[in-house]
There are 2 protein chains.
Amino acid sequence: MAEGGGAAAPGGESLLFLTDEQLRKGIEAMYFAYRGFTADPDRILDDLEYGRAHHRAIHFINRAPGTTVNNLLHILGVTKQSLNRVLRTLIEDGLVESRIGARDKRERHLYLTEKGEALEAELSTAQRARMRDAFRHAGPEAVAGFRTVLEAMMDPDMRRHFNRLKDSGA
Amino acid sequence: MAEGGGAAAPGGESLLFLTDEQLRKGIEAMYFAYRGFTADPDRILDDLEYGRAHHRAIHFINRAPGTTVNNLLHILGVTKQSLNRVLRTLIEDGLVESRIGARDKRERHLYLTEKGEALEAELSTAQRARMRDAFRHAGPEAVAGFRTVLEAMMDPDMRRHFNRLKDSGA
DNA sequence: CATTTTATGTCAGCCTTGTTGACATTCCAA
DNA sequence: TTGGAATGTCAACAAGGCTGACATAAAATG
């Protein structure tokens with residue numbers, strides 16, 4: 001609609017695939033793929049008494065051990081009350097340890113316990129298995145494109161967080 | 001962990017990018033990108049009294065006008081009670097019309113009204129704008145890879161629905 | 001024709017996970 | 001010492017999932 005139907009505009013390799021129809025398919029692909037993306041961990045979490053919110057907390061604590069509550073708040077984009085409810089149960093159940101900051105004693109630094117790491121590994125293994133199959137199926141070039149498009153789709157703040165995690169990990 | 005660290009195994013172009021670290025980055029990319037993906041429609045929906053569930057219903061009714069409740073149920077993967085709550089408000093508000101089936105009078109066929117189409121267009125325009133920017137930024141080859149990986153990530157049932165919509169649209 | 005199955009709607013109640021608002025505590029910093 | 005930042009907690013609420021039970025109409029099947 002906004003683009004018109006034009007394709008072979010001179011000098012524009014970039015117009016060919018941007019019809020509304022192509023974009024709609026991209027939108028639907030995101031929707032259906034995300035469902036698959038979360039399906040395996042969700043099944044595991046259902047058996048325990050945890051939800052997706054617990055998974056997210058566990059994931060990012062594992063990726064950035066010692067992160068503060070405030071930092072996690074920004075990464076997850078939820079309210080402290082919402083996160084606190086999740087963290088409380090994880091701490092009570094002995095999956096997460098909350099250590100008072102050494103320099104700034106107001107801060108709480110979060111770590112996974114062995115039990116927490118065990119659950120993280122279980123969830124992560126399931127989710128990585130699907131990602132690995134998809135990556136294998138699609139091939140290296142497709143994977144590079146996948147990553148490029150996803151990164152371009154993020155809000156700038158989230159891209160910042162994403163790249164921080166990227167650097168620390170590699 | 002499951003893969004080992006090996007890279008240049010002979011004959012395997014497919015092992016190079018499948019380290020756990022690469023897979024974790026793929027997982028995080030999906031998470032952060034999906035947040036961006038839903039952010040713009042969510043902002044619009046907040047102002048009205050609708051949520052993401054309404055958006056999904058509107059989207060797929062628009063894509064497959066005349067679809068039955070049952071079909072929508074399968075596509076969205078929710079219970080009829082959950083969908084019904086959403087559909088009821090959309091029908092009451094005059095965004096969706098429910099017509100009794102001609103051949104099978106038990107079925108309800110769903111259509112967007114003009115008002116419904118207007119909201120669909122507003123939501124879709126916002127979401128497509130982000131998708132378009134991301135696609136432009138990434139380039140055609142990246143977009144192809146994006147689509148390939150996402151399709152490989154879907155559950156088979158969802159891939160079926162995805163491809164049906166694809167065919168009918170093109 | 002009688003019965004069963006299917007498609008849909010609806011009521012009630014529960015859970016997770018998000019929200020806002022209010023308030024307490026701790027402690028760094030000016 | 002006072003202000004503000006980081007954190008925690010209580011309460012109330014809403015969206016949107018879920019299950020179970022039940023009603024109705026119509027199709028399908030015996």
Side-chain angles (χ1 to χ4, degrees), chain A residues 31 34-35 38-39 41-61 66-93 96-111, chain B residues 31 34-35 38-39 41-61 66-93 96-111:
Chain A
Y31 171 66
Y34 196 79
R35 298 243 317 256
T38 57
D42 281 357
R43 262 188 292 273
I44 294 168
L45 292 158
D46 268 5
D47 294 343
L48 315 169
E49 40 198 32
Y50 298 128
R52 215 175 275 179
H54 299 83
H55 183 191
R56 290 197 279 259
I58 287 173
H59 175 95
F60 286 110
I61 293 171
T67 186
T68 63
V69 171
N70 213 23
N71 185 42
L72 205 48
L73 236 43
H74 291 313
I75 290 176
L76 296 176
V78 297
T79 58
K80 63 177 179 169
Q81 293 89 335
S82 207
L83 175 59
N84 190 257
R85 178 171 37 199
V86 167
L87 285 180
R88 199 190 317 152
T89 70
L90 291 175
I91 292 167
E92 280 170 5
D93 295 352
V96 168
E97 194 191 344
S98 168
R99 296 185 205 154
I100 294 176
R103 289 189 312 191
D104 187 337
K105 292 177 188 168
R106 292 167 302 179
E107 295 181 340
R108 304 299 144 99
H109 299 273
L110 302 169
Y111 299 87
Chain B
Y31 170 68
Y34 195 78
R35 299 242 317 254
T38 57
D42 281 357
R43 263 188 292 274
I44 294 168
L45 291 158
D46 269 5
D47 293 344
L48 315 167
E49 41 197 31
Y50 298 128
R52 213 173 277 178
H54 299 83
H55 183 192
R56 290 195 279 257
I58 287 172
H59 175 94
F60 286 110
I61 292 171
T67 186
T68 64
V69 172
N70 214 19
N71 185 42
L72 204 49
L73 236 44
H74 291 314
I75 290 176
L76 296 175
V78 296
T79 59
K80 61 172 183 171
Q81 293 91 331
S82 210
L83 176 58
N84 190 257
R85 178 170 39 199
V86 166
L87 284 180
R88 200 189 315 155
T89 70
L90 291 175
I91 291 168
E92 278 170 6
D93 295 352
V96 167
E97 193 191 343
S98 167
R99 297 185 205 152
I100 293 176
R103 289 188 314 192
D104 187 335
K105 291 176 187 167
R106 290 170 305 179
E107 294 183 337
R108 302 301 143 98
H109 297 274
L110 302 169
Y111 299 87

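Only heavy atoms go into these numbers, but all of them, side chains included; no hydrogens, no water, no symmetry mates. Letters A, B, ... mirror the listed sequences (proteins, then strands); counts begin at 1.
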(message) Check this for me: does the side-chain of A/Arg85 come within 3.5 Å of the base of D/dG8 through a donor and an acceptor?
(response) no
(request) Would you mind reading off the distance between A/Arg52 atom CZ and C/dG18 atom C1', rounded to a whole angstrom? (result) 14 Å
(request) List the steps, then state whether side chain to side chain contact (heavy atoms under 4.5 Å, CB included) holds for B/His109 with B/Thr68. (result) CA-CA 5 Å; B/His109 297 274; B/Thr68 64; 3.7 Å; yes
(message) From CG of B/Asn84 over to C1' of D/dC18, roughly how many Å is that when rounded to an integer?
(response) 15 Å
(request) Dump the intermediate steps for side chain to side chain contact (heavy atoms under 4.5 Å, CB included) on A/Tyr31 and B/Leu76, then the final yes or no. (result) CA-CA 10 Å; A/Tyr31 171 66; B/Leu76 296 175; 3.7 Å; yes
(message) If you compare every side-chain N and O of B/Asn70 against the phosphate oxygens of C/dT8 (OP1, OP2), does one of them come in below 4.0 Å?
(response) yes
(request) Rounded off to whole Å, could you give me the NE2-to-C1' distance for the A/His109 and D/dA6 pair? (result) 11 Å
(message) I need the CG-P distance between B/Leu110 and C/dG9, as an integer number of Å.
(response) 8 Å
(request) Please state how far atom NZ in B/Lys105 lies from atom C1' in D/dT24, giving the value in whole angstrom units. (result) 15 Å
(request) Go through the steps for B/Leu90 and B/His54 under the test side chain to side chain contact (heavy atoms under 4.5 Å, CB included), then give the verdict. (result) CA-CA 8 Å; B/Leu90 291 175; B/His54 299 83; 4.0 Å; yes
(request) Answer yes or no: side-chain N or O of A/Lys80 and base N or O of D/dT7 forming a donor-acceptor pair under 3.5 Å. (result) yes
(message) Please report the distance, rounded to the nearest Å, between CG in B/Leu87 and P in C/dA7.
(response) 16 Å
(request) Find which nucleotide of DNA chain D each of B/Gly77 and A/Thr68 is nearest to by heavy atoms, and output the residue with the more 5' nucleotide. (result) A/Thr68
(request) Examine the base of C/dG21 for any acceptor or donor lying under 3.5 Å from a partner atom in the side chain of A/Gln81, and report the outcome as yes or no. (result) yes
(message) If you compare every side-chain N and O of B/Arg56 against the phosphate oxygens of D/dG17 (OP1, OP2), does one of them come in below 4.0 Å?
(response) yes
(message) So, under a plain 3.5 Å distance rule, would you say the side chain of B/Arg106 forms a donor-acceptor pair with the base of D/dA27?
(response) no
(request) Would you indicate which nucleotide in C/dT8, C/dT19, C/dG18 comes nearest to any side-chain atom of A/Thr79? (result) C/dT19
(request) May I ask you to verify if any side-chain N or O of A/His54 is less than 4.0 angstrom from the OP1 or OP2 atom of C/dT16? (result) no
(message) Tell me which one of B/Asp93, B/Thr89, B/Asp42 satisfies side chain to side chain donor-acceptor pair (under 3.5 Å) with B/Tyr50.
(response) B/Asp93
(message) What is the separation between atom CG on B/Leu90 and atom P on D/dG16, rounded to the nearest whole Å?
(response) 10 Å
(request) Among the candidates D/dG16, C/dA7, D/dT7, find the nucleotide nearest to the side-chain atoms of A/Arg108. (result) D/dT7
(request) Tell me which of A/Ser82 and A/Ile100 sits closer to the 5' end of DNA chain C, going by the nucleotide each one is nearest to. (result) A/Ser82
(message) Expressed as a whole number of angstroms, how long is the span from A/Glu49:CD to C/dC14:P?
(response) 18 Å
(request) Give the minimum heavy-atom separation between A/Ser98 and A/Arg108, together with the two atoms involved. (result) OG-CB, 3.5 Å
